[in-house]
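Some notes on the structure that comes next.
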Amino acid sequence: MDWLIGAAGAFIVAGAAYRKRSLSESGAAAAILMGTIYYGAGNVFWFGTLLLFFITSTLLSRYGKQRKADLEKSYAKTGRRDAGQVFANGGIGMVLCLLNVWIPSDLWVFLFIGVMATVTADTWATEIGSLSRNPPRSVLNGKVLNAGESGGVSWVGSTAAAAGSILIGAGGWLLAGWSGMDAELLPFVLAALAGGLVGAFADSYLGATLQVMYRCRVCGKSVEVSHHCGEDTVRTRGAAWMSNDAVNLVSSLLGGAAAYGIAVLIAL
């Protein structure tokens, strides 16, 4: 029955997101599969935390959409998520959910909180930070960057990242209690905050160093895409395999590790 409930819930949410053009066809299919597993193999805690990330991130992607329209042309991924982005954001959490079925442990729970805090923090930082009146600065040397350029951070974006992380921690705690899990508020919130900030800044660092970047032949902008202004772009730096999705995966793992580390320290 849980699998049927999960499939129905995932179909409704993914279908609505597809109609609102927040998900592509492949993204909707991936979301249905993922949501079914999150609820069928897990419970309200796993499914609800994923939903909390997805709904808030989708709403924020629509906030100030006109101002973000030009920036999205430089991003490898836009507000309409495809299957690759869906799995990059929620794939690790799905694996952790399945591992928790095999060997139930707080390890998987806090790793999951850190992973979800990371993807939420990164998305909130991007969506809100891109609307800042002040230009971002390089996470490496503090140099002023163009809005939307990889490796940039701002106070507005960093504050948004922290807020998103806290929301995941508090929401996860409520959902854990609702699911009958033994949960305390402080470990969840602090673990999420640590995981989200570590993951978000790791994302910026990897974006400034290893992520593959291109230069537009027409406008000269540094972009994440291989096609811009109607022309093929020129690769300027980074490892060919370190795409935006790969950066998200690596930073999520680091965020999850940070969250678990904080949870362990609190328990000592």
Side-chain angles (χ1 to χ4, degrees), residues 1-62 77 79-120 122-123 164 167-185 188 191-192 195 245 248-249 252-253 255-256 259-260:
M1 181 59 70
D2 285 343
W3 288 93
L4 291 177
I5 293 174
F11 182 82
I12 291 171
V13 174
Y18 175 73
R19 287 194 298 273
K20 292 291 185 180
R21 298 186 62 80
S22 297
L23 288 174
S24 66
E25 291 183 3
S26 68
I32 292 172
L33 172 63
M34 188 175 295
T36 301
I37 292 174
Y38 266 84
Y39 196 93
N43 51 35
V44 173
F45 163 70
W46 300 89
F47 183 80
T49 305
L50 175 69
L51 207 58
L52 187 59
F53 154 70
F54 178 73
I55 291 176
T56 58
S57 299
T58 298
L59 291 175
L60 284 178
S61 70
R62 295 183 173 278
K77 301 294 181 179
R80 196 178 193 201
R81 297 176 175 87
D82 60 18
Q85 194 171 15
V86 169
F87 281 119
N89 287 327
I92 297 176
M94 182 174 66
V95 171
L96 293 172
C97 178
L98 292 171
L99 286 172
N100 191 65
V101 175
W102 182 35
I103 308 176
S105 171
D106 285 345
L107 168 63
W108 316 126
V109 171
F110 280 105
L111 284 176
F112 174 68
I113 285 295
V115 167
M116 296 312 299
T118 294
V119 296
T120 303
D122 180 50
T123 303
L167 176 67
I168 290 297
W173 169 72
L174 286 172
L175 291 165
W178 191 6
S179 302
M181 299 165 60
D182 185 18
E184 295 183 12
L185 177 60
F188 267 74
D245 286 340
N248 288 340
L249 285 170
S252 293
L253 290 171
Y260 180 68

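Values below: all heavy atoms of this structure, side chains included; hydrogens, waters and symmetry mates excluded.
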Practice problem: Working to the nearest 0.5 Å, report the span between CG of L60 and CD1 of I55. | Solution: 12.0 Å

Quiz item: What pairs with F110 under ring-ring contact (aromatic ring centres under 6.0 Å, His included), at least two apart in sequence or on another chain?
Solution: F188

Self-check item: Which atom of A259 lies closest to which atom of G114, heavy atoms considered
Solution: CB-CA, 3.4 Å

Quiz prompt | F47-Y39 aromatic ring centre distance below 6.0 Å | solution = yes

Quiz item: Which distance, rounded to the nearest 0.5 Å, do you find between the CE of M94 and the CZ of F87?
Solution: 5.5 Å

Practice problem: Kindly write out the residues that satisfy side-chain contact (heavy atoms from CB on, under 4.5 Å) with T49, not counting sequence neighbours, or none if the list is empty. | Solution: F45, F112, M116, I168, L175

Exercise. Examine distances only and state if a side-chain atom of W108 and a backbone atom of I103 form a donor-acceptor pair shorter than 3.5 Å.
Key: yes

Self-check item: Set of side-chain contact (heavy atoms from CB on, under 4.5 Å) partners for L174, sequence neighbours left out
Solution: none

Self-check item: CA sep, side-chain torsions, deciding dist, call: L96, N100, side-chain contact (heavy atoms from CB on, under 4.5 Å)
Solution: CA-CA 6 Å; L96 293 172; N100 191 65; over 6 Å; no

Quiz prompt | Separation between OG1 of T118 and CG of L249, rounded to the nearest 0.5 Å | solution = 11.5 Å

Self-check item: Spacing of L23 atom CG and I32 atom CD1 [to the nearest 0.5 Å]
Solution: 9.0 Å

Quiz item: Any donor and acceptor pair, going by atom type alone, linking the side chain of Y38 with main-chain N or O of L50 inside 3.5 Å?
Solution: no

Quiz prompt | Closest non-hydrogen atom pair between A30 and V86, with its separation | solution = CB-CG1, 3.9 Å

Quiz item: What closest approach, in Å, do S26 and A83 show between heavy atoms, and which atom pair accounts for it?
Solution: OG-N, 3.1 Å

Self-check item: Under 3.5 Å: donor-acceptor pair, side chain of D82, backbone of Q85
Solution: yes

Exercise. Taking the side chain as every heavy atom from C-beta outward, state whether W46 and I37 have any atom pair closer than 4.5 Å.
Key: no

Quiz prompt | Non-hydrogen side-chain atoms of L167 and L52 separated by less than 4.5 Å | solution = yes

Quiz item: Is there a donor-acceptor pair under 3.5 Å between the side chain of T56 and the backbone N or O of F53?
Solution: yes

Exercise. Could you tell me whether the side chain of S105 and the main chain of L107 form a donor-acceptor pair under 3.5 Å?
Key: yes

Quiz item: Out of curiosity, D106 CG to I113 CD1, how far, rounded to the nearest 0.5 Å?
Solution: 11.0 Å

Quiz item: What pair of heavy atoms forms the shortest contact from F54 to T58, and how long is it?
Solution: O-OG1, 2.7 Å

Quiz item: Which pair of non-hydrogen atoms, one from A88 and one from S252, has the smallest distance, and what is that distance?
Solution: O-OG, 4.5 Å

Exercise. Please say which of L99, L98, I92 ends up in a side chain to side chain contact (heavy atoms under 4.5 Å, CB included) with V95.
Key: L99

Self-check item: Spatial distance of atom CG (L185) from atom CH2 (W173) [nearest 0.5 Å]
Solution: 5.0 Å

